[in-house]
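Each residue takes its place number in the sequence, starting with 1. Order of listing sets the numbers, starting from 1, for every ligand and every atom in it.
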Amino acid sequence: MTSQPDRPDRDVTVIPVTGGSPYEVRVGRGLVAEIGAALPPAAAKVLVIHAPPLAEQAEALRERLSGRVEVLLAEVPDAEGAKRVEVAAFCWQIMGQTDFTRTDAVIGLGGGATTDLAGFVAATWLRGVAVIQVPTTVLGMVDAAVGGKTGINTAEGKNLVGAFWAPHAVIVDLDLLDGLPQNELLAGMAEVVKCGFIADERILELLEADVRVATDRTSDVFRELVERSIRVKATVVSDDFTEQGQREILNYGHTLGHAIEHAERYRWRHGAAIAIGMVFAAELSHLAGSLASEQVDRTRHILASLTLPTSYPLGRWKTLLATMQRDKKARAGMLRFIVLDGVGRPRVLNGTDESMLFAAYQEVGS
Ligand code: GLY
């Protein structure tokens, strides 16, 4: 991250998120230069929460903002290691020791786990301070940093403690993807594919037209895919911030995907697990009589073109089902799946017969 002056001619796409606390998602290149302008006017301090691989970018951000505010850095463990109560307590300690007030702000600089933690720390400090999310992964840009779900894990499960806390702003600077390994980028594309199937078929067409261009982080097509996915998410969370209904469609592929992540002890990339989950959800939709087999094939084809997995060992079914049942109980809910009546037409499938679930899984099992 170089210290360049703000460029008034910068090409920025602004995606509004409405609902309870409206905010903007700003997408473009070189947007790190805009973070200062995105801070709440009364902020005197900011706490930048980041993982070790982003130490250099965090330091550059400190230099950039330090004429305007006092900048504190909190380096936290990478990936899911950040989402622990001890790590949140470490951040609260920094805030307590520096008299961090209600008008100050947190910046979450990193992938989905970092922005989940940063949002949670912001939501809980003095009952809520502003958070500016600056995602550095595709997954963070199109999903985790947008929508205000914040949280940490406990020994009993993922995201069991958290809050809905809308960000003050989300800055999606595509230049921040520069250091992201291509396999991480491809894993993040699973959420892009999800947005295509649940709401925006153009996403699927762009991926099918030329997957190499679509996954070239410097291409206009890639930027369009990111923007389209953010628009899908922005529309959904604007209507249903606290997941009373419609927001659930964002869980397409996630019920089985979360069980696979659990079975793999969270060593798999999220996108790889939900890729398999989406094949399962497509097969289930087909068995429920609502999705043509061509769309199931299309699901496999697009995910495979992104080098994402589309099958999982058949013998793991009982374990996966048990995990899904346990997760359901922990959340006092029903075992529910999002299925498709067609591309762009998601719905909830409730109380599904176990034999039908197994039949769908047999198509996924290897
Ligand atoms: N990642 C799904 C949601 O934000 O609701």
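Regarding atom 5 (O) of ligand 1, its nearest protein heavy-atom neighbour is R247 NE, 2.7 Å.
Residue contacts with ligand 1: K149 is placed with a nitrogen or oxygen under 3.5 Å of a nitrogen or oxygen of the ligand (distance criterion only).
Within the structure, salt bridge (Lys or Arg N to Asp or Glu O under 4.0 Å) contacts touching residues 125-135 (residues at least two apart or in different chains) do not occur.
Defined by atom type and a distance below 3.5 Å, a donor-acceptor pair is missing between the side-chain atoms of T115 and Q133.
Alongside F241, the hydrophobic cluster contains F164 (criterion: ILVMFWY side chains under 4.5 Å).
The aromatic rings of Y312 and W268 stand perpendicular to each other, their planes meeting at an angle above 60°, with 30° marking the opposite boundary. Taking the six-membered ring where tryptophan is involved, the planes of F120 and W92 are tilted, since the angle between them lies from 30° to 60°.
No heavy atom of E248 sits closer than 4.0 Å to any atom of ligand 1.
In the vicinity of D143, heavy-atom distances shorter than 4.0 Å reach the ligand 1 atoms 1 (N), 2 (C).
Counting heavy atoms under 4.0 Å from ligand 1, residue H254 does not touch it at all.
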